[in-house]
Amino acid sequence: MADKQHLYLVDGSSYIFRAYHRLPPLTNPQGTPVGAVYGYTTMLWKLADDLHKADGPTHLAVILDASGVSFRNEIYDQYKANRPEPPEDLKPQFPLIRDATRAFSLPCIEEEGLEADDLIASYARAAAKRGWDVTIVSGDKDLMQLVGEEVEPDDGFAPGKVDMLDTMKNQRIGIPEVIEKFGVPPEKVGDVLALMGDSVDNVPGIFGIGPKTATKLIQEHGSLQAALDAAPDMKKSKLKERLLEGREMAELSRVLVQLKEDCALPMQLDDLKLDAVPKEPLAEFLAHHGFTSLLKRLDGGTGSPARKTDLHPAKQDNQARAAAPEGSRQALPEMPPVDCSAYECVQSMERLEHWIARAFAARKVALDTETSSLDALQASLTGISLALGPNDACYIPLGHGGTDMFAEKPEQIGRDAALAALKPLLESDAVLKIGQNIKYDLNVLARHGIAVAPVDDTMIISFALDAGRSMDGIGGGHGMDELCQRHFGHTPIAFKDVCGTGKKAIPFGEVPLDRATEYAAEDADVTWRLHRLLHPRLAHEGSTRIYERVDRPLIPVVAEMERNGIRVDRAALARLSEEFATRIGEIEAEVHEIAGQEFTIGSPKQLGEILFDKMGYKGGRKGKSGQYSTDQAMLEKLAAQDDAPIAQKVLDWRQLSKLKSTYTDALQAAINPETGRVHTSYSLVGAQTGRLSSTDPNLQNIPIRTEIGRQIRTAFVPEAGNVLLAADYSQIELRLAAHMADVPPLKEAFARGEDIHARTAEELFGHVDRDTRARAKTINFAILYGISRWGLATRLGTEPDEAQAMIDRYFERFPGIQRYIVATLEGVRERGYSQTLFGRKTWFPRISSKNQAERQGSERAAINAPIQGTSADIIKRAMVRMLPALQDAGLGNVKMLLQVHDELVFELPESEVEAASKVIEKVMGEAALPAISLDVPLAVEIGHGTSWDAAH
DNA sequence: GGCCGAACGTA
DNA sequence: GTACGTTCGGCCC
């Protein structure tokens, strides 16, 4: 590699617009307007002519916009919406740009879902990292963000320079020219653009802020974020108001103007090598369009770019590929196989500093913590692994050895010193930290005073892409081992193979360092590889918005909620346990008395035999297990029809046993000894629809429906002087159904604050009473859950025929509902997934199953998923905005503790209830905006008190 | 010790 | 009829 490589990236799309406006109208012999094409052709000619000249291209590609829609349209549906139609005499010239490029035998690259700017950014970055110089042929100000020098060349390369060439003005644009234009260096151009907006692309920016003010703000504050953060403390002014008002728009704009630098490259860099331009097919093209002066130069051979006429075989291949783009399918990034022997065990501060420096340079690092427990809030830190690339990973042991006081501890850096060294890296805005379920690592490190940010999470990225996507034999989970197996065909070392399982398990800190390094560093390595593979798919597959705007920002919010925990009154739970135990004992004796023998009431098998074999009640065997059914419905039937006293007693016994074992006993055991509070763990990938799920303990199913169960909620209490505040969305799923299915009567009823089930009863039955309202309520829910005549019949206690008549009537009164169901199912059958209003996908691979039960099950789930999922998206958006909103209102003391699907629970000083309620209601009520403007209001009900029960 | 189904708590 | 998680008994290895 003697000479420096120099890649020219031609921004073809923007060029043609400028050429059109600058050049006189011109038509070819067929009468097609070709003025812009001519301008474009002369530019390519000139570039090709510069081959082998100083600063001329050695490699060249033309980048085009594939179509009007990119991932930015998902983020902001108004993106480029104002762009006027191109002039009539320009339209036919677009396809000719590709013809012209092919005539020069040059690669022409475009990708669905990506704009030319993103591909240019990605190629520029990739080339510069290899030490190539890059020239972007364009005048587009957005691309000026890219000018400069690569700060993280791949190992062994000198940094490559990136500049721009405006062929219209014949001007080179380097860092000084960018500063001259924007007043800030290239890396801050994006911040300026985000503030000033762009009327052509319809990037909103902040209303009233133009280039001058934007530049001034960034110069003063250093960054967009800093300027926005400083706004509340500015002295009262129009500008302050505009900044506060426009914060969200500015942040949105920042995302819109951000160029994607990590797109998968449709063609390898080496394939862009610029060889001599063959005479054909260029001559034919020039002749066809009547570009005779160029044709003469080509024929004359003087100053023409065609020095050789032999067609390079590879070039021919490139040309074919460029001519027939294969949709958005891309080659996977190539990565070497996992090699666990390649990892380093970092045992000295010197080596740690080396890794930290390299991580800063790489600007992204995969991270994994090893601990003593799955509970992030009790675990102690055993070690940290980092990865910077495939097989480029290390493990930093921090807490190995020590169980055996007499054994010598392995050599390792002191934990506090290591964490102090890592803290700037882990907290640096400039370095992306990638984790697999990084919320866990966030919580572990938060307990050591480290606020890890910014983060990406491969588990959540996988979920955004592939929720529900499991086929027979292939799991649909998002755990690392499963993802690694599915995507790389590699099985990482299993934790249980390192630490054992059950009684024989040893803590990770007892694992020998060589073995620990293999395991831990491999996890970071695999996480890095997963990110490289999965993250580019977000943009390609239309899931950027849901990930970037909803799930990703939610990670630190939920982590904080988990750390907050909620106080429970142990003594109150203990009293309830006692009461329940006594009553359970009494009932047990009565049941045994009636049965005439002792048996295990909690065994459905034994209970069934007692009820149906011994006592002779009528009831059928059921299912493949061959067991009698003894569920609630059956026991209630026995109690009512056969007047069986034992049935009611078993029901009472079951209720109390459930409450005692699952709640009053288990919750006491779940109290964290350090905090005295209960800390649940939320899963962000637990429910296919996008809902959160809660485990260890599950705080999303604390009883509320029965008086006796409700007592458990009285044990959830605030600290002295505080109160608990519960804010619920009222009927959110029905409201969303009314909006999404477009049901005018239901929308009106919600707009007027009417009783929605009563309104439904009026529509269906013509009058409202207790009975018709109850039936209407049942039907409303049946709709949300994907209706079937059998299911509805069970709930209504009628025959399936009658239920079907009811469904027909419902569809007749609310035709939008039927249209929604049909359209949703058609969409899922066609695309394979459903989508929420915010673009979250859920896959339904069994939607066309030959098995009827399976297929119908998928259909019901597919009808429900957009509604349940949109509701989940909305409350998640509210959660993301909640803490900043409270902070802005001076309510930094308010803590968000729990989420229960349509409810948020807070703890706060009693004196702040009024002020906080206002903020909470506003944030929740407006959570769909500005992305989605619902036709129905989102009503929020708020209560507070000295227990969770009292807050309702 | 680990896994599965039945049962039941929530939205 | 949707979406979850936990407990228990019963059974397997």
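Protein chain A contacts DNA chain C from C:dG1 to C:dC11, reading 5' to 3' and using non-hydrogen atoms of the protein with a distance under 4.0 Å.
For A:Lys503 and B:dG1, the shortest distance from a side-chain N or O to OP1 or OP2 is below 4.0 Å. Between A:Arg705 and B:dG9, a side-chain N or O to OP1/OP2 separation shorter than 4.0 Å is absent.
Within the 4.5 Å cutoff, no side-chain heavy atoms of A:Arg567 are placed close to those of A:Val678. Residues A:Arg735 and A:Leu934 have side chains not in contact (no heavy-atom distance under 4.5 Å, counting atoms from C-beta outward). The shortest side-chain heavy-atom distance between A:Leu764 and A:Thr772 does not fall under the 4.5 Å cut-off.
Within the cation-pi definition used here (under 6.0 Å to the ring centroid, within 45° of the axis), A:Lys841 qualifies as a partner of A:Tyr833.
When heavy atoms are screened at a 4.0 angstrom cut-off, A:Ser871 is found touching no nucleic acid atom at all. Contact annotation for A:Arg654: backbone-only contact, meaning every heavy-atom pair under 4.0 Å involves sugar-phosphate atoms and none involves a base. Heavy atoms of A:Ile783 sit nowhere under 4.0 angstrom from any nucleic acid atom. Within the nucleic acid shown, A:Ile702 comes within 4.0 Å of sugar-phosphate atoms alone, with no base atom in reach, counting heavy atoms only. The residue A:Thr778 sits close to a base: some heavy atom pair falls under 4.0 Å. Among the heavy atoms of the strands, none lies under 4.0 Å from A:Leu784. Within the nucleic acid shown, A:Ser657 has no heavy atom closer than 4.0 Å to any nucleic acid atom. Among the atoms of the strands shown, only primed sugar atoms or phosphate atoms (P, OP1, OP2) are found under 4.0 Å from some heavy atom of A:Gln632. Nucleic acid contact for A:Gly686: sugar-phosphate only, since backbone atoms but no base atoms lie under 4.0 Å from a heavy atom of the residue. At the heavy-atom level, A:Gln856 lies nowhere under 4.0 Å from the strands shown. Note on A:Thr630: only backbone sugar-phosphate atoms sit closer than 4.0 angstrom, heavy atoms only; bases stay farther off. Among the atoms of the strands shown, only primed sugar atoms or phosphate atoms (P, OP1, OP2) are found under 4.0 Å from some heavy atom of A:Ala687. Note on A:Gln688: only backbone sugar-phosphate atoms sit closer than 4.0 angstrom, heavy atoms only; bases stay farther off. Among the protein residues, A:Arg860 comes within range of the sugar-phosphate backbone only, with heavy atoms under 4.0 Å from sugar or phosphate atoms but none that close to a base.
Ranking B:dG2, B:dA6, B:dT10 by closeness to the A:Pro604 side chain, first place goes to B:dA6.
Taking atom CG on A:Leu651 and atom P on B:dC8, their separation rounds to 7 Å, with Å as the unit. Distance CE (A:Met634) to P (B:dC8): 12 Å, rounded to an integer number of Å. The separation between A:Lys605 atom NZ and B:dA7 atom C1' is 17 Å, rounded to whole Å. Rounded to a whole Å, the OH atom of A:Tyr663 is 12 Å from the P atom of B:dC8. Distance NE2 (A:His901) to P (B:dT10): 12 Å, rounded to an integer number of Å. Here B:dT10 presents its C1' atom at 12 Å from CZ of A:Phe716, a figure rounded to the nearest Å. Rounded to whole angstrom, the span from the OH atom of A:Tyr628 across to the C1' atom of B:dG5 amounts to 18 Å. Distance CD (A:Gln655) to P (B:dA6): 22 Å, rounded to an integer number of Å.
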List the steps and the verdict of salt bridge (charged side-chain N to carboxylate O under 4.0 Å, His left out) for A:Asp551 and A:Arg840. CA-CA 10 Å; A:Asp551 286 346; A:Arg840 181 188 303 282; 2.9 Å; yes
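A:Thr842 and A:Gln688 share no side-chain donor-acceptor pair at under 3.5 Å. Counting only N and O atoms by type, the side chains of A:His478 and A:Asp466 include no donor and acceptor under 3.5 Å apart. A donor-acceptor contact under 3.5 angstrom links the side chains of A:Gln868 and A:Thr689, judged on distance only.
Residue order along DNA chain C, read from the 5' end via each residue's closest nucleotide, puts A:Ala861 first among A:Lys658 and A:Ala861.
A salt bridge is absent between A:Glu826 and A:Arg829; no separation between the charged side-chain nitrogens and carboxylate oxygens falls under 4.0 Å.
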